[in-house]
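Each chain gets a letter, A, B and so on, in the order the sequences are listed, and its residues count up from 1. Quick note: numbers below take in every heavy atom, side chains included, and nothing from hydrogens, waters or symmetry partners.
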Protein chains: 2
Amino acid sequence: MSIRDLARHLNISIGTVSRALNGKSDVNPETRERVLVAAKEFGYVPNQSGRSLRQGTTNTIGFMIESSIETADNGGSFFMPVFEGVQSVFRRHQLDLVALLCGTDEDPGAYLNRIVGRRFVDGLIISATMRNDPRITFLLERKIPFVTLGRSATGGQYPWIDLDFEGVAATAVARLLKFGHQRIAIGVPASDINLGYVFLEGYRRALSANGISFDPDLVFPANSNEEGGYRVATAMLAQKQMPTAVILVNENMAIGLYRRFYEAGIHPGRDIAVVGFRESTQSRFLSPTLTCFRISLRDLGIKLAEALLSTMPAFASNYPQDSIDLVWPMELVPGESDGPWHGT
Amino acid sequence: MSIRDLARHLNISIGTVSRALNGKSDVNPETRERVLVAAKEFGYVPNQSGRSLRQGTTNTIGFMIESSIETADNGGSFFMPVFEGVQSVFRRHQLDLVALLCGTDEDPGAYLNRIVGRRFVDGLIISATMRNDPRITFLLERKIPFVTLGRSATGGQYPWIDLDFEGVAATAVARLLKFGHQRIAIGVPASDINLGYVFLEGYRRALSANGISFDPDLVFPANSNEEGGYRVATAMLAQKQMPTAVILVNENMAIGLYRRFYEAGIHPGRDIAVVGFRESTQSRFLSPTLTCFRISLRDLGIKLAEALLSTMPAFASNYPQDSIDLVWPMELVPGESDGPWHGT
DNA sequence: TATGAAATCGTAAACGTTTACGGAAGCCAT
DNA sequence: ATGGCTTCCGTAAACGTTTACGATTTCATA
């Protein structure tokens, strides 16, 4: 069922059918109606390859996710709502969104090169931004519109949206200090992911703002999953004087951390304060519930989409340039996992 | 950088360049080498739209995931490894895999219709199969190659691969009975997802095989997330005679269930036996660790890819038809969450 | 009635590939 | 020397669209 068949059936030229379907002005309203009815009747949908070839545009946006990165661990619950937000914007512009999952056994650069080379997408959303991210320089020099979820130290002019991990760390530190905690540990990603640096920076700044000196021994690099949390707890227990509080970059870590402390007879929320990252169904039903930070992932997705569109010539007019380079604030949600320090 | 530019630069016709790149036989090895070198030098990658238009094939496979479905909750940790498995097979055939996420605010049928109509993909992997799934009939009549992750009651001839939820339920029941439990509850998905029926069927069969009569009051429909688990526990606590064991269809439910029981002063693993579904980092670090079932998601992905390829004419020769309609066995991993019944 | 503008539609080229077909060599055997 | 076979390569059509351009009709106006 091609546009030719449709035109033949209606005794109309191909061009007119195309114009009718695409809402061009120079077509009789009556003819347009006939075309639309017939198109619906036969279930005609334009062949994307044909369109793309002619227009030089694919009407497809790619959302790249690296499963090798920590963030992939909570990939489902995190990315799904973001996706929906992005899609809700793109739908209005007839743009399709596809997820490009880059597995651990594939080089992200090569993957990106293939996708971009094939002219597969018109634009890209890049997540899990590294501190030094070759994908960014690659996309910049290829002049492919993109936006990153997570800022980066990589130079160049491009839009990014980041969660305020610096603020999260600072708020957590301030809260724990007010609770009387003095030795506050922090669990950070072991990889080169940029949010790790931002998170740690917020931690350092908040400490120094409160006149506490930074102690490298209180920084625990780990994978952002349950096992990582377990290891953090193990390392904390091994110290001569155990920290009385810990801030985690990821809520999954809390599960492993809880377990390790239980094994040691230490009760999170009573004997040690824990602040995690993201509020979720999980954080609400852990025992104890996790003190963490709330964010509307759907809204985040919407902003990502808008930022990307603002860099795409075809859509830029509708999306002002000022919606980019955004640090997304997050709201603290108190849980049972932290509280006043009443120890020695 | 099109094939034309490449040809011009080499003083060769377009056709020869194309044949050289595609490994056709009627091209001088020396010429082919020149072409390949030049292609690499200029970073030439064939335009996918051009190829697709000519060949009528897109070299793209879609993996459809509905975020409205329970399975999406653990989407990240579940689907990512499956994806990698699928990709590892497709990579060998130059096929790109994209994830098509169907949000809650979009009708799956309409979404599928758009994707298929646009000739966006050559084949599809469908997950979260419903007991009665219109997507299946749609794809069958459109003659689009596809495979479903999860069997269905929907009629027709198509390949599917399913996890052995029936076996899981049966094994769990048998184990708990051997432990002396008599009142064994089960948490099942509240939706029309087919695995719910399969899971429940396995439960019923195992009971009847052991001479225990089926009690509808022991079946607790719930969402497959932490909150669902919480509700299941609440409902169990409300019964005059509480069950002594419970089987969950999903490991996330365990978190909420644990919490509710803790709140009631009941210790999972000691006062009540819990068997969950999938072994994961999470199941291993919960307290108590979850008795559950192990599965290699990567291998599952590989099988899915092979099953799909076996239905695609261009690849069928390499993939015998006997790799389809597979029920995937799973291995029990004992945890701390269940054990002998020593109650009243 | 003649004129010009507006409305509507058909024609054909173009997008970047692949591939069927045929032509031009080169080679061997008759 | 002729014929046939093989090897290699160029030509051109085709895939399904969109869109610039021009042609035709309509209609109001002078």
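- Across all their heavy atoms, A:D96 and B:R114 have their closest contact at OD1-NH2, 2.5 Å.
- Nearest-nucleotide positions on DNA chain D place B:T16 closer to the 5' end than the other of B:T16 and A:P46.
- Proximity of B:T31 to the phosphate of D:dC8: no side-chain N or O atom is located under 4.0 Å from OP1 or OP2.
- When the P atom of C:dA24 is taken as reference, atom CD1 of B:I12 falls 20 Å away, rounded to whole Å.
- B:N47 has no side-chain polar atom (N or O) that falls below the 4.0 Å cut-off from OP1 or OP2 of C:dC15.
- In this structure, CG in A:L95 is found 6.0 Å from CE in A:M312, a value given to the nearest 0.5 Å.
- A donor-acceptor distance shorter than 3.5 angstrom exists from the side chain of A:S52 to the backbone of A:Q48, with no hydrogens or angles considered.
- Distance CE (A:M1) to P (D:dC15): 16 Å, rounded to an integer number of Å.
- At the phosphate of C:dG16, neither OP1 nor OP2 sits under 4.0 Å from any side-chain N or O atom of B:Y44.
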All N/O pairs under 3.5 Å across the protein-nucleotides 20-22 of chain D interface:
| unit_1 | atom_1 | unit_2 | atom_2 | d |
| --- | --- | --- | --- | --- |
| D:dA20 | N6 | A:R19 | NH1 | 3.3 |

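- Here C:dC9 presents its P atom at 14 Å from CD1 of A:I3, a figure rounded to the nearest Å.
- The phosphate of D:dT17 has neither OP1 nor OP2 within less than 4.0 Å of any side-chain N or O from A:Q48.
- Aromatic ring orientation, A:Y158 versus A:F146: parallel (interplanar angle below 30°, classes split at 30° and 60°).
- Contact between the side-chain N/O atoms of A:N28 and the OP1/OP2 oxygens of C:dA7 is not found at any separation under 4.0 Å.
- Between B:L326 and B:K303, the closest side-chain pair of non-hydrogen atoms falls below 4.5 Å.
- Taking OH from B:Y319 and CG from B:L309, the interatomic distance works out to 5.0 Å, rounded to the nearest 0.5 Å.
- For A:L21 and B:I14, each mapped to the nucleotide of DNA chain D holding its nearest heavy atom, the one lying further toward the 5' end belongs to B:I14.
- As a whole-Å value, the separation of B:L6 CG from C:dT18 P is 12 Å.
- Note on B:Q55: every side-chain N or O is 4.0 Å or more away from OP1 and OP2 of C:dG16.
- Nucleotide D:dT7 holds its P atom 17 Å from the NZ atom of B:K24, rounded to whole Å.
- Using a 4.0 Å heavy-atom distance criterion, A:S52 is classed as making no nucleic acid contact.
- Look at B:D325 and B:R151 and you find no salt bridge, because none of the NZ, NE, NH1 or NH2 atoms lies under 4.0 Å from a carboxylate O.
- Atom C1' of nucleotide C:dC9 and atom CG of A:L10 are separated by 14 Å, given to the nearest angstrom.
- Taking the six-membered ring for Trp and the full ring otherwise, A:H9 and A:Y44 have centroids separated by 6.0 Å or more.
- If you measure from atom CG of A:N22 to atom P of D:dG16, you get 17 Å, rounded to the nearest angstrom.
- Rounded to whole angstrom, the span from the CG atom of A:D122 across to the C1' atom of C:dC15 amounts to 15 Å.
- Of the side-chain N and O atoms in B:S18, none sit less than 4.0 angstrom from OP1 or OP2 of C:dT17.
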